[in-house]
Enquirer: 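Please find one structure pasted underneath; my questions will follow.
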Amino acid sequence: MQQPPVRKAVFPVAGLGTRFLPATKAQPKEMLPLVDKPTIQYVVEEAVASGLDEITLVTGRNKRAIEDHFDAAFELEYYLQDRGKMEELAQIKTISELASVSYVRQKEPLGLGHAILCARPLVGDEPFGVFLGDDIIVSRVPCMRQLLDVFERHGGPVLAVMRMPREELGRYGVIAPRGLGGSVYEVQDLVEKPDPRDAPSDLAIIGRYVLTPDIFPILADTLPDSRGEIQLTNGLRALRGRRLIYAVEFEGKRHDTGEKLGFLKATVEFALARPDLADQFRAYLKSLDL
Ligand code: UTP
């Protein structure tokens, strides 16, 4: 089925980041760096590498630093130019030239489904990619590009899924899959945070989605859960009753930087992948004699 190219990307970044308190008391968790680059920049780079260059960040209180990060920084640029620090200058200019970034506020953290609904005026009547900044994915083909390939083939919403040890399934949305060949599935059902014993499979949904605009009226009608939050999974279940939804077991390594251990592991792996740090850092880790 021929699909018009997807151009838009939505990044819900209005969560409070409570798992990283006190670091997130006055700064967004999305600005915490892996080595020297804020996590949000890795994910925006994935969007751009996947061909999405109209980016909407759904922000909340305390998120100003993200806006500044993707903006021009004239004083800093002047300073670096003046001191002849041309490499650093090129680096920070690249960030503000990455893509066109717009912002919309989610006034209260009423859940991921609600955050996506806040992007509706900027997305309009087009399919769009959704990126959760906690999930940093290192892959040969950018993860979102893998989802978009499935979208272009099948013409329906696509979820990124990965196999997860049973005991961890209770933290995720989990799909009941019907194999369509290779790594692509039709989603027959999806359950939010199941009891691992009742989970319909070991395929957990992680933070990449291609959604179609018919999700918006559904989210607008989705009732808040017991904590007052509108859950995306509930909206997707309703959408599933109206059209086919697909899932792809993507190729790549996913780092969960939204929790402390995952963040630390990612930091070590990213540092070891950096030519300017790897040798010394590896020698240091070995010297720890753990
Ligand atoms: P999380 O459930 O991981 O929440 O949200 P969080 O606030 O980011 O982190 P913790 O659990 O308190 O440490 C998943 C994604 O949905 C966004 C978050 O910013 C994150 O990218 N989100 C969540 C919103 O944008 N708005 C919300 O109301 C809730």
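No experiment lies behind these values; they were computed from the predicted model shown. Indexing begins at 1, ligand by ligand and atom by atom, following the structure's order.
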Enquirer: Please answer whether the main-chain N or O of V187 pairs with a side-chain N or O of R240 as donor and acceptor at a distance below 3.5 Å.
Expert: yes

Enquirer: Side-chain atoms of residues 77-86: list all donor-acceptor pairs with protein atoms under 3.5 Å, sequence neighbours left out, distances to 0.1 Å.
Expert:
residue	atom	partner	partner atom	Å
E77	OE2	A73	N	3.3
Y79	OH	R83	NH1	3.2

Enquirer: Only counting residues at least two apart or in another chain, list the ones meeting ring-ring contact (aromatic ring centres under 6.0 Å, His included) with F263.
Expert: F20

Enquirer: Roughly how far, to the nearest 0.5 Å, is the CG atom of N234 from the CG atom of L219?
Expert: 9.5 Å

Enquirer: For residues 128-145, which side-chain donor-acceptor pairs fall under 3.5 Å, sequence neighbours excluded?
Expert:
residue	atom	partner	partner atom	Å
D134	OD1	K29	NZ	3.0
D134	OD2	K29	NZ	3.0
D135	OD1	R254	NE	2.8
D135	OD1	R254	NH2	2.9
D135	OD2	G207	N	2.6
S139	OG	V141	O	2.6
R145	NE	D149	OD1	3.3
R145	NH1	S50	O	3.0
R145	NH2	D149	OD1	3.1
R145	NH2	E152	OE1	3.3
R145	NH2	E152	OE2	2.9

Enquirer: Is the positively charged end of K37 above the ring of Y42, judged by distance under 6.0 angstrom from the centroid and angle within 45° of the axis?
Expert: yes

Enquirer: Show me the short polar-atom pairs for ligand 1: any N or O of it lying under 3.5 Å from a protein N or O, with distances only.
Expert:
residue	atom	partner	partner atom	Å
ligand 1	3 (O)	R19	NH2	3.0
ligand 1	7 (O)	L16	N	2.8
ligand 1	7 (O)	G17	N	2.9
ligand 1	8 (O)	K29	NZ	2.7
ligand 1	9 (O)	K29	NZ	3.1
ligand 1	11 (O)	R19	NE	3.0
ligand 1	11 (O)	R19	NH2	3.2
ligand 1	12 (O)	T18	N	2.7
ligand 1	12 (O)	T18	OG1	2.6
ligand 1	13 (O)	T18	N	3.0
ligand 1	13 (O)	R19	N	2.7
ligand 1	13 (O)	R19	NE	3.0
ligand 1	19 (O)	P12	O	3.3
ligand 1	19 (O)	A14	N	3.4
ligand 1	19 (O)	G15	N	2.9
ligand 1	21 (O)	P12	O	2.9
ligand 1	25 (O)	A14	N	2.9
ligand 1	26 (N)	Q106	OE1	2.7
ligand 1	28 (O)	Q106	OE1	3.3
ligand 1	28 (O)	Q106	NE2	3.3
ligand 1	28 (O)	L110	N	3.1
ligand 1	28 (O)	G111	N	2.7
ligand 1	28 (O)	G111	O	3.4

